[in-house]
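Lettering follows sequence order; numbering is per chain, from 1.
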Amino acid sequence: MANRIRIEDAAKHAGESVEIAGWLYNLRKSGKIVFPIVRDGSGVIQCVAMKNNLPEEVFESLKHLTQESSLIIRGSLRAESRAAGGFELDVEGVNILQRVSEADPYPITPKDHGIEFLMEHRHLWLRSQRQHAILRVRHEIVRAVRDYFDNNGFTLVDTPIFTPAACEGTTTLFEVNYFDDNKAYLSQSGQLYSEATAMAFGKVYCFGPTFRAEKSKTRRHLTEFWMVEPEMAYADLEEIKRVAEEFIVHVVGRVLDKKREELKVLERDTSKLEMVQSPFVRMSYDDAVKNLQANGSTIEWGSDFGGGDETILTKQFDRPMLVDRFPSAIKAFYMAPDPDRPEVALGVDVLAPEGYGEIIGGGQRLHDPELLLKRIAEHNLPKEAFDWYIDLRKYGTVPHGGFGMGIERCVAWICGLEHIRETIAFPRMLYTLRP
RNA sequence: UCCUCAGUAGCUCAACGGCAGAGCAUUCGGCUGUUAACCGAAGGGUUGUAGGUUCGAAUCCUACCUGAGGAGCCA
């Protein structure tokens with residue numbers, strides 16, 4: 001009985017008789033020799049079958065095999081410089097579980113396809129090497145995110161998806177029926193709840209899906225995306241910036257350490273990622289506006305950055321930048337004002353280099369009870385909906401804060417992708433709900 | 001929501017007012033080291049939908065549908 005192996009472990013089994021359970025990725029043939037290229041989810045390997053070394057029916061079945069047919073293939077494994085990947089399997093036998101019908105062949109061929117076609121076949125597109133590499137990098141990023149917080153005293157406390165009202169009031173919410181006559185909304189941030197759990201555990205993070213019903217149609221937006229949100233009691237803006245920076249350095253370093261092969265498949269220029277080291281570029285909003293004006297932007301103090309503005313800023317540096325102290329007027333009600341300059345808020349954004357823009361937004365929260373009530377009134381928010389949130393300022397309020405990082409934007413940046421839609425298995429976008 | 005562009009064979013595209021085409025995929029044939037293999041042959045079409053202009057429309061016009069890119073908003 002042959003030893004079943006995963007293709008990614010091929011190097012450990014050179015010289016052995018093994019079997020691989022997978023699918024036919026491609027087939028090249030030349031008369032009495034065929035090269036079935038097999039994938040098994042962990043990698044791709046070239047196999048070789050010689051007519052003279054195999055029973056007639058085995059050779060013929062391989063020769064006429066169709067793309068993505070499922071099979072278990074057996075043979076001896078050896079190093080082979082002529083094969084991509086460096087290893088090759090000399091076929092001794094095969095068990096074909098299903099031969100894909102030629103009447104309805106696998107739609108995604110090794111040639112070019114348009115994005116519309118690929119998105120309609122997203123469930124199959126995931127089998128291709130590029131998509132496979134992206135999602136493996138995503139997995140490593142998620143692991144690195146969890147490890148960072150788990151190893152630095154944070155407790156994972158996830159927050160609800162069904163929420164009774166807007167967290168921030170500005171962005172559009174997805175509304176759902178919630179029994180009887182009640183309405184619920186899908187969470188657009190766990191932050192307010194994390195402020196409560198931070199007061200219970202000191203340092204917490206939540207990590208889950210987030211929903212924004214914005215009619216945004218750009219390469220940077222999904223309607224459903226994953227966000228990790230740490231929140232820390234007794235933290236000021238400087239501490240939040242320090243953690244955000246250390247966190248990003250950790251995540252990028254981990255991907256470089258563990259996912260070199262995948263980055264190579266994606267043709268990512270890893271020298272750009274090697275530059276992601278402390279210290280990051282630090283700039284106040286004031287200086288960012290001056291910088292932008294000097295570089296041709298029409299931005300004026302008091303406005304948020306336009307799409308091109310982040311690109312202008314980040315293209316100037318080879319590492320991420322932290323921009324802080326935005327005008328309070330353009331930030332959420334819960335942002336703490338700078339005590340020395342109340343017109344600016346103690347918020348910080350982390351902008352990724354190479355034009356990728358904002359991947360983190362966060363800051364210090366308003367912890368003064370009276371000012372919070374004032375801000376809720378100014379923003380015309382229903383006070384009764386925030387009773388529990390106001391309680392956090394009545395019972396031992398402390399300076400605190402945190403940030404949120406969109407996983408998909410981080411994946412797009414680290415993988416060097418043009419569009420965020422490839423960073424999640426089944427993207428949900430404006431007008432894209434299937435497959 | 002607004003602006004721009006595009007829908008032709010299963011896929012990627014050509015034909016731009018005058019006979020509907022190529023490459024890939026599929027099938028058949030050839031090739032014992034291929035690397036998106038190559039060579040030969042075959043099958044494959046209501047040109048997104050509806051209307052209009054014209055002797056004649058894939059091609060020009062109108063509306064709609066679908067998709068892509070961008071703007072605003074955001075992670």
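The side chain of A:Lys215 places no N or O atom within less than 4.0 Å of a non-bridging phosphate oxygen (OP1 or OP2) of B:C73. Remark: A:Arg421 is in phosphate contact with B:G69, judged by side-chain N or O atoms under 4.0 Å from OP1 or OP2. Between A:His419 and B:A68 there is no side-chain N or O to OP1 or OP2 distance below 4.0 Å.
In terms of polar N and O atoms assigned as donor or acceptor, the side chain of A:Arg220 never comes within less than 3.5 Å of the base of B:C73 in a complementary pairing. Checked by distance alone, A:Glu88 brings a side-chain donor or acceptor within 3.5 Å of a matching partner on the base of B:G33. Taking 3.5 Å as the limit, the base of B:U34 and the side chain of A:Gln46 contain a donor-acceptor pair of atoms between them.
Nucleotide B:C24 holds its P atom 16 Å from the CG atom of A:Leu27, rounded to whole Å. Distance, A:Leu89 CG to B:U34 P: 19 Å, rounded to whole Å. Rounded to an integer number of Å, the gap from A:Phe305 CZ to B:A75 P is 13 Å. To the nearest angstrom, C1' of B:C73 lies 14 Å from CD1 of A:Ile420. The nearest whole Å value for the distance from the CD atom in A:Glu120 to the P atom in B:C65 is 18 Å. Computed from coordinates, the A:Lys32 NZ to B:C38 C1' distance equals 17 Å when rounded to whole Å. Taking atom CZ of residue A:Arg212 and atom P of nucleotide B:G72, one finds them 18 Å apart after rounding to whole Å. Computed from coordinates, the A:Asp309 CG to B:C73 P distance equals 10 Å when rounded to whole Å.
Screening A:Tyr148, A:Phe247, A:Phe149 against A:Tyr205 for a ring-ring contact (aromatic ring centres under 6.0 Å, His included) leaves a single residue, A:Phe149.
Side-chain atoms of A:Glu224 and A:Thr210, non-hydrogen and from C-beta on, never get closer than 4.5 Å to each other. Using a 4.5 Å cut-off on side-chain heavy atoms (C-beta onward), A:Ile73 and A:Glu19 make no contact. Residues A:Val38 and A:Trp23 fail the side-chain proximity criterion, which asks for heavy atoms closer than 4.5 Å. A:Lys259 places none of its side-chain heavy atoms less than 4.5 Å from the side chain of A:Arg254. Under the 4.5 Å side-chain criterion, counting only non-hydrogen atoms from C-beta, A:Val44 is not in contact with A:Ile7. Side-chain contact between A:Phe154 and A:Arg146 is absent, with no heavy atoms from C-beta onward closer than 4.5 Å. Here the side chains of A:Phe403 and A:Ile359 are not in contact, with every heavy-atom distance at 4.5 Å or above. Within the 4.5 Å cutoff, the side chain of A:Asp286 has heavy atoms near those of the A:Arg341 side chain.
Nearest-nucleotide mapping onto RNA chain B: of A:Glu408 and A:Lys51, the residue sitting toward the 5' end is A:Lys51. Comparing A:Val48 and A:Leu430 against RNA chain B, the residue whose closest nucleotide sits nearer the 5' end is A:Leu430.
Within 4.0 Å of A:Asp304, counting heavy atoms only, lie sugar-phosphate atoms of the nucleic acid but no base atom. Heavy atoms of A:Ile360 sit under 4.0 angstrom from primed sugar atoms or phosphate atoms, though from no base atom. Heavy atoms of A:Asn26 sit under 4.0 angstrom from primed sugar atoms or phosphate atoms, though from no base atom. Within the 4.0 angstrom heavy-atom criterion, base atoms lie near A:Thr218.
In this entry B:C64 has B:G48 as its Watson-Crick or G-U wobble partner, both defining distances falling under 3.5 Å. Base pairing of B:A71 is made with B:U1, judged by Watson-Crick or G-U wobble geometry with both donor-acceptor distances under 3.5 Å. Across the strands present, B:C11 finds its partner in B:G23; the criterion is a Watson-Crick or G-U wobble pair with both atom distances under 3.5 angstrom. Both distances falling under 3.5 Å, in either a Watson-Crick or a G-U wobble arrangement, occur for no nucleotide opposite B:C31. B:C55 is paired with B:G18 under the criterion used here, namely a Watson-Crick or G-U wobble arrangement in which both key atom distances are under 3.5 Å.
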Write out a two-atom table: protein N or O, nucleotide N or O from nucleotides 4-11 of chain B, distance below 3.5 Å.
{"unit_1": "B:C11", "atom_1": "O2'", "unit_2": "A:Asp112", "atom_2": "O", "d": "3.1"}
{"unit_1": "B:C11", "atom_1": "O2'", "unit_2": "A:His113", "atom_2": "ND1", "d": "2.6"}

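Side-chain atoms of A:Gln46 and A:Arg28 include a donor-acceptor pair closer than 3.5 Å.
Residues from residues 33-41 of chain A lying near RNA chain B, meaning a heavy-atom separation below 4.0 Å, are A:Ile33, A:Phe35 in numerical order.
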For A:Glu354 and A:Arg268, run salt bridge (charged side-chain N to carboxylate O under 4.0 Å, His left out): C-alpha distance rounded to whole Å, both residues' side-chain angles, the deciding distance at 0.1 Å, then the answer.
-> CA-CA 12 Å; A:Glu354 301 172 70; A:Arg268 181 65 164 111; 2.9 Å; yes

